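Quick notes on the structure that follows.
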Amino acid sequence: NAGVMQNPRHLVRRRGQEARLRCSPMKGHSHVYWYRQLPEEGLKFMVYLQKENIIDESGMPKERFSAEFPKEGPSILRIQQVVRGDSAAYFCASSPNQGSTDTQYFGPGTRLTVL
Amino acid sequence: GQQLNQSPQSMFIQEGEDVSMNCTSSSIFNTWLWYKQDPGEGPVLLIALYKAGELTSNGRLTAQFGITRKDSFLNISASIPSDVGIYFCAGLATDSWGKFQFGAGTQVVVTP
């Protein structure tokens with residue numbers, strides 16, 4: 001059973017460009033989470049999605065950031081008009097179900113560098 | 001997002017020593033998870049806890065779900081150099097609908 005897949009592992013963008021980060025959850029998992037991690041810091045929640053549905057996006061910046069998890073294909077975290085402050089590691093996690101008890105499995109992350 | 005209180009922030013220990021870290025919350029939790037993160041990698045799940053008082057081991061790692069449901073601890077016995085890394089706790093509150101809270105992490109450094 002393959003784990004959570006993320007690509008690319010490293011992404012370099014110039015200021016003003018768009019960044020697209022992809023996440024394929026573990027087989028059988030229908031819930032996806034995106035987190036951001038700055039160097040020497042912990043994980044900051046961004047967004048929680050089910051297939052075709054955003055459950056909680058309270059951690060997402062209001063502008064330039066969007067996320068989707070379509071019926072087919074991977075979840076996408078999209079950052080438009082990137083700025084240097086967007087440089088960070090972005091992790092995706094997936095879980096099998098929603099409920100009062102659950103488990104999250106993380107992908108290897110995408111390290112975004114904005115020049 | 002809301003963060004759990006994880007301590008200590010860092011630990012410098014000698015090989016062979018035991019390590020203990022804990023997380024506390026103001027909310028009642030139904031799930032506690034412990035992860036390890038190596039540099040440049042994603043967090044790897046070590047132990048999952050689902051019941052108050054539950055004590056679970058994974059090799060030299062032992063974690064417990066606090067009886068008050070507001071805390072959890074992780075112990076590493078007889079540390080070895082490959083235990084170096086950052087350990088995170090994560091918890092799921094009763095009314096959180098799948099949204100986990102995370103501790104800031106405990107950096108463990110093991111010296112020979």
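Each chain gets a letter, A, B and so on, in the order the sequences are listed, and its residues count up from 1. Note that the coordinates shown come from a computational prediction; the quantities given were computed from them, not determined experimentally.
Considering only residues two or more places apart in sequence or on other chains, A:Tyr35 meets the ring pair (Phe, Tyr, Trp, His ring centres under 6.0 Å) condition with A:Phe106, B:Phe102.
In terms of heavy-atom proximity, A:Arg111 sits nearest to B:Glu41 at NH2-N, 3.3 Å. The nearest pair of heavy atoms linking B:Lys99 to A:Ser58 is NZ-OG, 2.8 Å. In plain terms, the two heavy atoms of B:Tyr35 and A:Tyr105 that are nearest each other are OH-N, 4.5 Å.
In this structure, no portion of A:Gln6 lies under 4.5 Å from any heavy atom of chain B. For B:Gln6, no part lies near chain A; criterion is any non-hydrogen pair under 4.5 Å.
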Report all side-chain donor-acceptor pairs from residues 75-93 of chain A shorter than 3.5 Å, counting only partners two or more places apart or in another chain.
residue : atom : partner  : partner atom : Å
A:Ser75 : OG   : A:Trp34  : NE1          : 3.0
A:Ser75 : OG   : A:Glu68  : O            : 2.9
A:Arg78 : NE   : A:Glu18  : OE1          : 2.9
A:Arg78 : NH2  : A:Glu18  : OE1          : 3.0
A:Asp86 : OD1  : A:Arg64  : NH2          : 3.1
A:Asp86 : OD2  : A:Arg64  : NH1          : 2.7
A:Asp86 : OD2  : A:Arg64  : NH2          : 3.3
A:Asp86 : OD2  : A:Val83  : N            : 2.9
A:Ser87 : OG   : A:Arg84  : O            : 3.1
A:Ser87 : OG   : A:Val114 : N            : 2.9
A:Tyr90 : OH   : A:Arg36  : NH1          : 3.3
A:Tyr90 : OH   : A:Asp86  : O            : 2.7

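Connection of B:Val44 to B:Phe88 is not established within any shared hydrophobic cluster, with ILVMFWY side chains joined at heavy-atom distances below 4.5 Å, either directly or through further cluster members. Hydrophobic clustering (ILVMFWY, side-chain heavy atoms < 4.5 Å, transitive): A:Leu38 and A:Leu43 are in distinct clusters. Cluster annotation: A:Phe69 is not connected to A:Phe45 through the hydrophobic network of ILVMFWY side chains, with a link wherever side-chain heavy atoms come within less than 4.5 Å.
We find the CD-CD1 distance between A:Gln37 and B:Ile86 to be 7.0 Å, quoted to the nearest 0.5 Å.
The most heavy-atom pairs under 4.5 Å with chain B, out of A:Pro108, A:Gly42, A:Gly107, come from A:Pro108.
No more than 12 heavy atoms of other residues, nucleotides or ligands shown are found within 6.0 angstrom of NZ on B:Lys51.
Side-chain contact between B:Leu45 and A:Thr103 is present, with heavy atoms from C-beta onward closer than 4.5 Å.
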